[in-house]
Peer 1: 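Following this message is one structure expressed as structure tokens.
Throughout, residue positions are numbered sequentially from 1 according to the sequence presented.
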Amino acid sequence: MSMAATSVNCLISGFGHTAMVVTPVRYGVLCQMRFRGIESQRRTFKRSRLSCFAVNNSASIPVPFFQDDSNDGRVPTPVVVIDQDSDPEATVVEITFGDRLGALLDTMKALRDLGLSVVKGIVEIDSSGIHKKFSITHADTGRKIEDPELLEAIRLTVINNLLKYHPESSTQLAMGEAFGIIPPTEKPDVDISTHINIYNDSAKRSLLCIETADRPGLLMEVVKAIADINVSVESGEFDTEGLLAKAKFHVSYHGSSLSDSLKEVLTNSLRYFLRRPSTEESSF
């Protein structure tokens with residue numbers, strides 16, 4: 001993956017000082033830090049948490065690549081989150097793949113090629129690895145993404161870039177069978193892995209929770225299946241966690257939460273839809 005220069009303004013928990021990452025080191029990050037005008041160097045350990053605001057700047061320095069030897073060669077579970085809840089003004093995309101993610105500049109370029117703007121980037125580092133979050137909007141309107149077809153295109157674009165620049169992830173992703181170099185050795189049984197639950201959030205909306213085996217086009221098709229019975233999707237989150245897809249949607253029916261009978265109709269409809277083989281996978 002391209003490691004073009006990007007500047008990062010960082011706040012390291014436990015220190016509370018602004019830092020500029022200058023180079024990676026084997027067991028941590030070497031940071032240039034300013035303490036009351038005096039410059040010094042300090043090492044932060046791999047279990048520290050680092051929150052960053054990324055700013056495009058051709059005159060700055062490379063974003064570090066973290067290497068964690070604790071994985072013992074095991075391939076971490078890739079996680080891609082499409083979050084429509086946390087930011088009212090933008091769609092948030094979160095990508096996690098242990099400690100193996102680089103700058104993801106190619107992923108950001110691919111998102112721009114979809115007609116999107118990356119308005120903010122956040123990097124969080126903890127003991128589970130590197131978490132990269134992008135806030136994205138339509139480039140022409142500046143609004144968050146609502147179209148389920150475009151949301152699915154975003155998800156597949158991110159996953160395709162993971163498969164391209166981290167081919168070892170193909171064994172951990174359902175899309176690895178179609179697009180990766182090595183297909184998953186185990187595939188979840190759809191009947192066993194599918195779970196659907198609906199709870200009332202309030203008098204005006206319900207929370208629909210879905211867990212099932214992942215496949216290309218799933219996000220778009222789930223939203224379509226919900227709309228087919230006149231249930232509205234207000235917001236939600238769609239997570240790709242390895243071979244599984246996990247979704248939480250805030251839904252309503254004519255401005256109210258779902259009745260028990262409608263919950264049963266929706267559950268049965270989704271269960272039938274999720275268990276039948278998709279005939280459109282080849283189109284992705």
Side-chain angles (χ1 to χ4, degrees), residues 49 51-54 77-97 101 104 107-108 111 114-124 126 128-139 141-159 194-212 214 217-227 229-242 244-258 262-263 266-267 270 274:
R49 187 176 183 84
S51 298
C52 307
F53 181 85
T77 300
V79 179
V80 177
V81 176
I82 308 295
D83 179 6
Q84 294 285 77
D85 273 340
S86 61
D87 190 333
E89 305 297 331
T91 297
V92 178
V93 178
E94 179 178 347
I95 310 168
T96 307
F97 188 43
L101 292 178
L104 297 185
T107 298
M108 287 191 285
L111 292 174
L114 293 175
L116 306 171
S117 292
V118 180
V119 296
K120 184 170 66 174
I122 301 292
V123 181
E124 295 179 349
D126 59 22
S128 66
I130 300 175
H131 307 261
K132 297 208 169 186
K133 297 181 181 181
F134 302 112
S135 296
I136 58 178
T137 62
H138 286 284
T141 65
R143 296 172 180 255
K144 71 186 301 179
I145 292 83
E146 303 286 354
D147 179 14
E149 186 172 353
L150 183 52
L151 289 170
E152 178 65 7
I154 292 168
R155 186 176 81 101
L156 293 180
T157 295
V158 171
I159 291 174
T194 297
H195 305 281
I196 302 169
N197 295 286
I198 306 175
Y199 312 94
N200 282 344
D201 254 358
S202 65
K204 293 186 176 182
R205 68 180 190 178
S206 301
L207 180 64
L208 168 64
C209 302
I210 304 171
E211 180 175 332
T212 190
D214 192 24
L218 185 62
L219 188 159
M220 177 180 63
E221 293 171 351
V222 165
V223 173
K224 182 179 182 300
I226 297 171
I229 58 173
N230 296 318
V231 172
S232 300
V233 177
E234 298 179 3
S235 62
E237 179 179 305
F238 194 98
D239 301 357
T240 305
E241 296 186 13
L244 297 176
K246 301 179 181 181
K248 293 182 179 180
F249 295 116
H250 297 289
V251 297
S252 63
Y253 181 71
H254 295 303
S256 299
S257 61
L258 275 57
L262 188 53
K263 289 178 186 177
L266 179 57
T267 299
L270 285 170
L274 293 171

Peer 1: Would you compute the distance between atom CD of Glu149 and atom CD of Glu221 and round it to the nearest 0.5 angstrom?
Peer 2: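 Nearest 0.5 Å value for the CD-CD distance: 11.0 Å.
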
Peer 1: Hey, could you give me the CG/CD1 distance between Leu270 and Ile226, rounded to the nearest 0.5 Å?
Peer 2: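 Going from CG on Leu270 over to CD1 on Ile226, the span is 5.5 Å.
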
Peer 1: With rounding to the nearest 0.5 Å, note down the distance linking OG1 in Thr212 to CG in Leu244.
Peer 2: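 Thr212 OG1 to Leu244 CG: 8.0 Å, rounded to 0.5 Å.
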
Peer 1: Is any side-chain heavy atom of Ser235 closer than 4.5 Å to one of Arg205?
Peer 2: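 The answer is yes; the side chains approach within 4.5 Å.
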
Peer 1: Under 3.5 Å, is there a donor-acceptor pair between the Ser206 and Asp201 side chains?
Peer 2: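 Short answer, no.
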
Peer 1: Specify the closest pair of heavy atoms between Asp87 and Ser135, including all atoms of both residues, with the distance to one decimal.
Peer 2: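 The answer is OD2-OG, 4.1 Å.
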
Peer 1: For a 4.5 angstrom cut-off between non-hydrogen side-chain atoms, does Leu104 reach Phe134?
Peer 2: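 Yes; the side chains approach each other to less than 4.5 Å.
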
Peer 1: So, does Asp239 use its side chain to make a donor-acceptor pair with the main chain of Glu241 at under 3.5 Å?
Peer 2: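 No; zero donor-acceptor contacts below 3.5 Å.
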
Peer 1: Begin from the C-alpha positions of Phe97 and Val79 and carry the test side chain to side chain contact (heavy atoms under 4.5 Å, CB included) through to its verdict.
Peer 2: CA-CA 6 Å; Phe97 188 43; Val79 179; over 6 Å; no

Peer 1: Between Ser117 (side chain only) and Val119 (backbone N and O only), is there a donor and an acceptor less than 3.5 Å apart?
Peer 2: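 Checking the backbone N and O of Val119 against the side chain of Ser117, no donor-acceptor pair under 3.5 Å is found.
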
Peer 1: Determine whether Thr240 and Ile82 make a side-chain contact, defined as any pair of heavy atoms from C-beta on separated by less than 4.5 Å.
Peer 2: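 Thr240 vs Ile82: side chains apart.
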
Peer 1: Rounded to the nearest 0.5 Å, how far apart are CG of Leu266 and CG of Leu258?
Peer 2: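 Here the interatomic distance stands at 6.5 Å.
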
Peer 1: Check whether any side-chain heavy atom of Ile95 lies under 4.5 Å from a side-chain heavy atom of Val158, and answer yes or no.
Peer 2: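 The answer is yes, as the side chains (C-beta and beyond) meet within the 4.5 Å cut-off.
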
Peer 1: Are any of the side-chain heavy atoms of Cys209 and Tyr199 separated by less than 4.5 Å?
Peer 2: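 Cys209 reaches Tyr199 side chain to side chain.
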
Peer 1: Glu234 side chain to His250 main-chain N or O, any donor-acceptor pair under 3.5 Å?
Peer 2: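 Not confirmed, Glu234 side chain does not pair with His250 backbone.
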
Peer 1: After noting the C-alpha distance and the side-chain angles of Lys133 and Asp83, does the key distance pass the side chain to side chain contact (heavy atoms under 4.5 Å, CB included) rule?
Peer 2: CA-CA 10 Å; Lys133 297 181 181 181; Asp83 179 6; over 6 Å; no

Peer 1: Does the side chain of Thr137 come under 3.5 Å of the side chain of Glu89 through a donor N or O and an acceptor N or O?
Peer 2: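 Judged by distance alone, the side chains do not pair up.
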
Peer 1: Quick one, Lys263 with Asn200, criterion side chain to side chain contact (heavy atoms under 4.5 Å, CB included). Give me CA distance, side-chain angles, the key distance, then yes/no.
Peer 2: CA-CA 10 Å; Lys263 289 178 186 177; Asn200 282 344; 3.3 Å; yes

Peer 1: About how many Å separate CD1 of Ile136 and CE of Met108, when rounded to the nearest 0.5 Å?
Peer 2: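 Output value for this atom pair is 12.0 Å.
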
Peer 1: Looking at every non-hydrogen atom in both residues, tell me the closest pair between Ala245 and Asp214 and how far apart they are.
Peer 2: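 Smallest interatomic distance, heavy atoms only, reads CB-OD1, 3.9 Å.
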
Peer 1: Rounded to the nearest 0.5 Å, how far apart are CD of Glu237 and NZ of Lys246?
Peer 2: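 The CD atom of Glu237 sits 11.0 Å away from the NZ atom of Lys246.
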
Peer 1: For Phe249 and Val222, which heavy atoms make the closest approach, and how far apart are they?
Peer 2: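 Closest approach of Phe249 to Val222, heavy atoms only: CE1-CG1, 3.8 Å.
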
Peer 1: Tell me the closest heavy-atom pair linking Pro148 and Leu219, and the distance in Å.
Peer 2: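 Heavy atoms only, the tightest pair is O-CD2, 3.9 Å.
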
Peer 1: Is Leu207 close to Ile198 at the side-chain level, that is, under 4.5 Å between some pair of heavy atoms?
Peer 2: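 Not in contact.
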
Peer 1: Do we see a donor-acceptor contact under 3.5 Å between the side chains of Thr91 and Gln84?
Peer 2: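 Thr91 vs Gln84: donor-acceptor pair found between side chains.
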
Peer 1: Is there side-chain contact between Ile196 and Leu208, with heavy atoms separated by less than 4.5 Å?
Peer 2: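 Yes, their side chains come closer than 4.5 Å.
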
Peer 1: Taking side chain to side chain contact (heavy atoms under 4.5 Å, CB included) as the criterion, tell me which of Ile122, Val93, Thr96, Val123 meets it with Lys132.
Peer 2: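 Result: among Ile122, Val93, Thr96, Val123, Val123 is the only option passing the side chain to side chain contact (heavy atoms under 4.5 Å, CB included) with Lys132.
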
Peer 1: Are there more than 12 heavy atoms of other residues, nucleotides or ligands under 6.0 Å from atom NZ of Lys144?
Peer 2: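 Result for NZ/Lys144: enclosed.
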
Peer 1: Which atom pair, heavy atoms only, marks the closest approach of His131 to Asp126?
Peer 2: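 Of all heavy-atom pairs spanning His131 and Asp126, the closest is NE2-OD1, 3.1 Å.
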
